[in-house]
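Below you'll find the structure, written out as structure tokens, and then a few comments.
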Amino acid sequence: MPTPLRIAVLASGRGSNLAALIAARDAGTLPVEFVLVASDKASAGALRLAEAAGIPTLALNPKSYPDRPSFDRELFARVAASGADLLVLAGFMRVIDGAVVAKWEGRAINIHPSLLPKYPGLHTHRRCLEAGDAEHGASVHYVTAELDGGPVVAQARIPVGAGATEASLAERLLAEEHRLLPAVVGAIACGRLRWNGEALFDGQPVTTPLTVAQLS
Ligand code: GRF
């Protein structure tokens with residue numbers, strides 16, 4: 001058996017994307033080892049999920065550090081010490097210092113609930129509705145210093161539909177996120193998706209975001 005990909009996950013909230021990754025691992029469809037789940041919020045549901053799954057956890061309080069770079073340096077030093085090959089940001093609600101994140105180029109991915117480059121940042125479902133978009137979606141991208149701005153490798157799309165609300169859109173999209181993120185991590189784990197200064201899938205540059213069907 002090849003060595004499973006070692007992944008660390010950063011999450012600030014409930015952790016349903018983390019749960020989807022754990023479920024895929026448990027189902028035998030995702031060859032990864034979780035080496036750390038870390039959060040900037042001690043109360044994050046993601047930490048409880050990780051504890052229940054026997055994954056090492058870490059909660060660091062940003063208020064205990066003099067500034068953002070100090071917090072980020074400590075957090076990322078702990079991630080590095082975990083031995084992670086890949087860092088997955090799954091609902092991590094902080095902007096990360098550019099110099100800190102630069103060291104993880106090609107080794108960190110983020111899931112964002114919009115069809116990037118549309119709607120980086122917060123309130124993506126509301127902004128999609130306010131714009132009258134016919135389609136919404138989620139993106140997985142490699143992390144760079146620019147917030148939600150790194151190269152997009154995969155997307156899932158849903159129709160907005162009549163009568164959609166912020167909550168209903170978020171709920172429907174979340175179900176897609178739970179397929180998209182394990183599919184991307186799985187493609188990295190099996191070596192089909194890799195980083196060589198740019199994202200390559202089966203050896204070819206990713207010029208159009210991949211779909212779950214293509215990744216599976
Ligand atoms: C997801 O919508 C993710 O795309 C966004 O934050 C949310 C996190 O949800 N970045 P969860 O904590 O994984 O349930």
Side-chain angles (χ1 to χ4, degrees), residues 7-26 30 32 34 36-53 55 57-60 62 72 75 79 86-96 101 104 108-129 133 135-158 160 164-186 188 209-212 215:
I7 66 172
V9 177
L10 298 185
S12 302
R14 85 201 125 176
S16 69
N17 277 290
L18 169 66
L21 291 172
I22 295 172
R25 190 274 313 263
D26 290 348
L30 188 62
V32 299
F34 293 90
L36 182 69
V37 172
S39 184
D40 56 322
K41 300 241 183 320
S43 60
L47 293 175
R48 305 293 88 76
L49 286 170
E51 284 159 10
I55 301 166
T57 60
L58 169 70
L60 288 184
D72 290 348
L75 177 61
V79 170
L86 177 72
L87 176 60
V88 180
L89 274 55
F92 187 62
M93 303 304 285
R94 285 179 60 86
V95 175
I96 303 163
V101 92
W104 282 79
I109 58 171
N110 178 45
I111 183 157
H112 180 74
S114 80
L115 292 172
L116 290 170
K118 274 188 170 182
Y119 318 133
L122 298 174
H123 309 303
T124 58
H125 314 302
R126 188 189 310 167
R127 288 154 73 194
C128 169
L129 286 172
D133 293 350
E135 221 180 12
H136 191 31
S139 305
V140 175
H141 64 92
Y142 280 99
V143 177
T144 61
E146 193 189 338
L147 176 69
D148 300 324
V152 173
V153 288
Q155 285 181 331
R157 294 167 176 271
I158 59 169
V160 172
T165 64
E166 217 178 313
S168 71
L169 210 47
E171 189 185 332
R172 280 198 286 128
L173 188 59
L174 201 59
E176 299 302 323
E177 292 183 39
H178 295 165
R179 285 187 272 275
L180 184 65
L181 188 58
V184 173
V185 174
I188 294 173
L210 300 159
T211 62
V212 170
L215 288 161

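Both ligands and their constituent atoms are indexed starting at 1 by order of listing.
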For His136, the ring-ring contact (aromatic ring centres under 6.0 Å, His included) test, sequence neighbours excluded, returns His125

the protein heavy atom lying closest to atom 12 (O) of ligand 1 turns out to be Gly15 N, 2.8 Å

of all protein heavy atoms, closest to atom 11 (P) of ligand 1 is Ser16 N, 3.4 Å

- Query: Are Arg127 and Asp133 ion-paired here, with the side-chain N under 4.0 Å from a carboxylate O?
  - Reply: no

Per side-chain contact (heavy atoms from CB on, under 4.5 Å), Ile109 is matched among Leu87, Val140, Val153, Ile7 by Val140

- Query: Is the closest side-chain donor-acceptor distance between His178 and Ser16 under 3.5 Å?
  - Reply: yes

the protein heavy atom lying closest to atom 5 (C) of ligand 1 turns out to be Pro113 CD, 3.8 Å

closest protein heavy atom to atom 6 (O) of ligand 1 is Gly91 CA, 3.6 Å

| field | Sub-4.0 Å heavy-atom contact, Ala11 with ligand 1 | value | no

Of Arg14, Glu177, Met93, the residue with the heavy atom nearest atom 3 (C) of ligand 1 is Glu177

closest protein heavy atom to atom 10 (N) of ligand 1 is Ile111 O, 3.2 Å

Neighbour count >12 (heavy atoms, 6.0 Å) for atom CD, Glu171: no

Validation: residues 42-50 side-chain donor-acceptor distances under 3.5 Å, sequence neighbours left out:
| unit_1 | atom_1 | unit_2 | atom_2 | d |
| --- | --- | --- | --- | --- |
| Arg48 | NE | Glu51 | OE1 | 3.2 |
| Arg48 | NH1 | Ala42 | O | 3.1 |
| Arg48 | NH2 | Ala42 | O | 3.4 |
| Arg48 | NH2 | Glu51 | OE2 | 3.2 |

